[in-house]
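Computed over heavy atoms, backbone and side chain alike; hydrogens, waters and symmetry mates excluded.
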Amino acid sequence: MKPLFIHPLLPLCAALLALTIHANPQQKYLSIDRGTHAMAEIEIENVPGHNNATYGPVPKDAQLFDVEFLEIAPTPIIADRVFFIYLRGWMPSSKSPSAERDGIFESPCSGSGPDSDPGLTNATLKVSSSVTYPGGSSDSHASLTIPFKSMVFNDAAHLVIRDESGKQVEYLPSVGRGDVLLDFQIPTLFLRSGVWTFGVEARLEMEDGDGDGDEEGGCLFAFKLVQWLEGGLR
């Protein structure tokens with residue numbers, strides 16, 4: 001069987017999609033700690049908003065970014081049609097590793113505002129994906145990690161971050177409200193029909209003792225998404 005070509009932007013955009021499979025908030029799954037290899041039972045919890053996303057694999061309580069809502073239009077996503085994603089949440093100063101260091105606080109009396117906040121410049125967005133085809137076979141694909149920042153993929157695909165004033169900024173604010181918006185279109189040309197499972201994880205990279213910035217930091221948010229996608233590949 002020839003290896004399936006996957007467009008490099010497909011996992012990024014599809015990882016933020018709504019699901020067509022609803023998760024029961026009382027469902028649980030087993031997680032294995034990478035350090036101790038101990039197994040723990042974690043409750044599956046839905047992400048608020050008009051979507052079918054669930055928190056994970058990092059538990060909601062261990063995530064730094066407090067999600068207010070995640071909106072997807074349309075839901076479910078249809079290949080070859082433009083879709084829109086709107087994520088809004090809050091970064092409390094008590095959870096922000098850079099707030100105390102940079103003197104950025106949520107209180108208006110602090111004298112700091114959106115213009116004085118450089119944002120989370122060390123944040124990354126990691127996406128993984130796998131698919132199960134109607135015949136029962138499956139594929140897994142290498143994860144993709146990119147800087148978590150406002151960017152233009154092409155003239156029909158954009159990732160935009162806004163601060164609490166509604167102004168577009170380059171990085172997610174270190175404290176306070178932040179919005180993430182994505183518009184994209186999945187071409188059926190690069191897609192094979194199946195049930196796709198995606199994981200998306202925004203994380204901070206903290207500088208280690210050598211100052212090279214390769215030490216893994218806290219998790220901003222992590223979602224798991226599952227959706228049937230109808231593609232043009234056979």
Side-chain angles (χ1 to χ4, degrees), residues 1-24 27 29 44 46-57 67 69-88 123-162 168 179-203 221-234:
M1 177 179 176
K2 295 182 179 180
L4 176 64
F5 172 74
I6 300 297
H7 191 280
L9 294 180
L10 174 60
L12 171 63
C13 65
L16 300 175
L17 306 184
L19 314 180
T20 56
I21 300 177
H22 290 266
N24 183 334
Q27 285 182 305
Y29 67 94
I44 297 176
N46 296 330
V47 179
H50 294 90
N51 68 84
N52 296 323
T54 59
Y55 289 100
V67 175
F69 60 75
L70 174 63
E71 300 290 325
I72 313 292
T75 299
I77 298 300
I78 302 173
D80 270 347
R81 289 177 56 180
V82 176
F83 64 88
F84 303 90
I85 293 172
Y86 185 3
L87 172 67
R88 170 173 287 185
T124 60
L125 194 65
K126 178 181 178 181
V127 179
S128 58
S129 65
S130 62
V131 56
T132 299
Y133 303 117
S137 60
S138 61
D139 279 320
S140 295
H141 309 287
S143 62
L144 171 69
T145 301
I146 62 171
F148 187 24
K149 59 186 291 187
S150 293
M151 63 178 69
V152 177
F153 300 113
N154 56 52
D155 60 353
H158 313 80
L159 177 65
V160 175
I161 300 175
R162 300 189 310 208
Q168 179 176 336
D179 297 341
V180 180
L181 301 94
L182 174 72
D183 60 277
F184 209 91
Q185 185 176 22
I186 303 176
T188 56
L189 177 64
F190 305 114
L191 184 67
R192 187 175 173 187
S193 299
V195 176
W196 288 78
T197 299
F198 300 94
V200 58
E201 185 173 347
R203 182 171 286 277
F221 57 80
F223 307 140
K224 182 180 179 182
L225 314 168
V226 182
Q227 176 174 346
W228 170 269
L229 291 174
E230 188 75 29
L233 290 178
R234 303 300 177 197

[atom2] on [Y] to [atom1] on [X], rounded to 0.5 Å:
{"X": "T75", "Y": "F84", "atom1": "OG1", "atom2": "CZ", "value": "12.5 Å"}
{"X": "L191", "Y": "L233", "atom1": "CG", "atom2": "CG", "value": "7.0 Å"}
{"X": "E230", "Y": "T188", "atom1": "CD", "atom2": "OG1", "value": "9.5 Å"}
{"X": "S130", "Y": "D139", "atom1": "OG", "atom2": "CG", "value": "9.0 Å"}
{"X": "L125", "Y": "R203", "atom1": "CG", "atom2": "CZ", "value": "12.0 Å"}
{"X": "R88", "Y": "L70", "atom1": "CZ", "atom2": "CG", "value": "12.5 Å"}

T54 side chain to N46 backbone, donor-acceptor under 3.5 Å: no

Side chain of Q227, backbone of I77: donor and acceptor closer than 3.5 Å?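 Yes: the side chain of Q227 pairs with the backbone of I77.
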
What do the steps show when you test I161 against F148 for side chain to side chain contact (heavy atoms under 4.5 Å, CB included), and what is the final call? CA-CA 9 Å; I161 300 175; F148 187 24; 4.2 Å; yes

Please examine the side chains of [Y] and [X], heavy atoms only from C-beta on, and report whether any two atoms are closer than 4.5 Å.
{"X": "K224", "Y": "I44", "value": "no"}
{"X": "P74", "Y": "F83", "value": "yes"}
{"X": "F223", "Y": "N51", "value": "no"}
{"X": "F153", "Y": "L182", "value": "yes"}
{"X": "V131", "Y": "R192", "value": "no"}
{"X": "Y55", "Y": "V47", "value": "yes"}

Restricting to non-hydrogen atoms, name the atom on S193 and the atom on Y133 that form the minimum distance, rounded to 0.1 Å.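 Smallest interatomic distance, heavy atoms only, reads O-CD2, 3.3 Å.
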
Which atom names give the shortest non-hydrogen contact between R81 and Q185, and what distance separates them? N-NE2, 3.5 Å

So, for F69 and Y86, is the gap between ring centers shorter than 6.0 Å? yes

Side chain to side chain contact (heavy atoms under 4.5 Å, CB included), that's the test. Do L87 and F221 meet it? Break it down for me. CA-CA 11 Å; L87 172 67; F221 57 80; 3.9 Å; yes

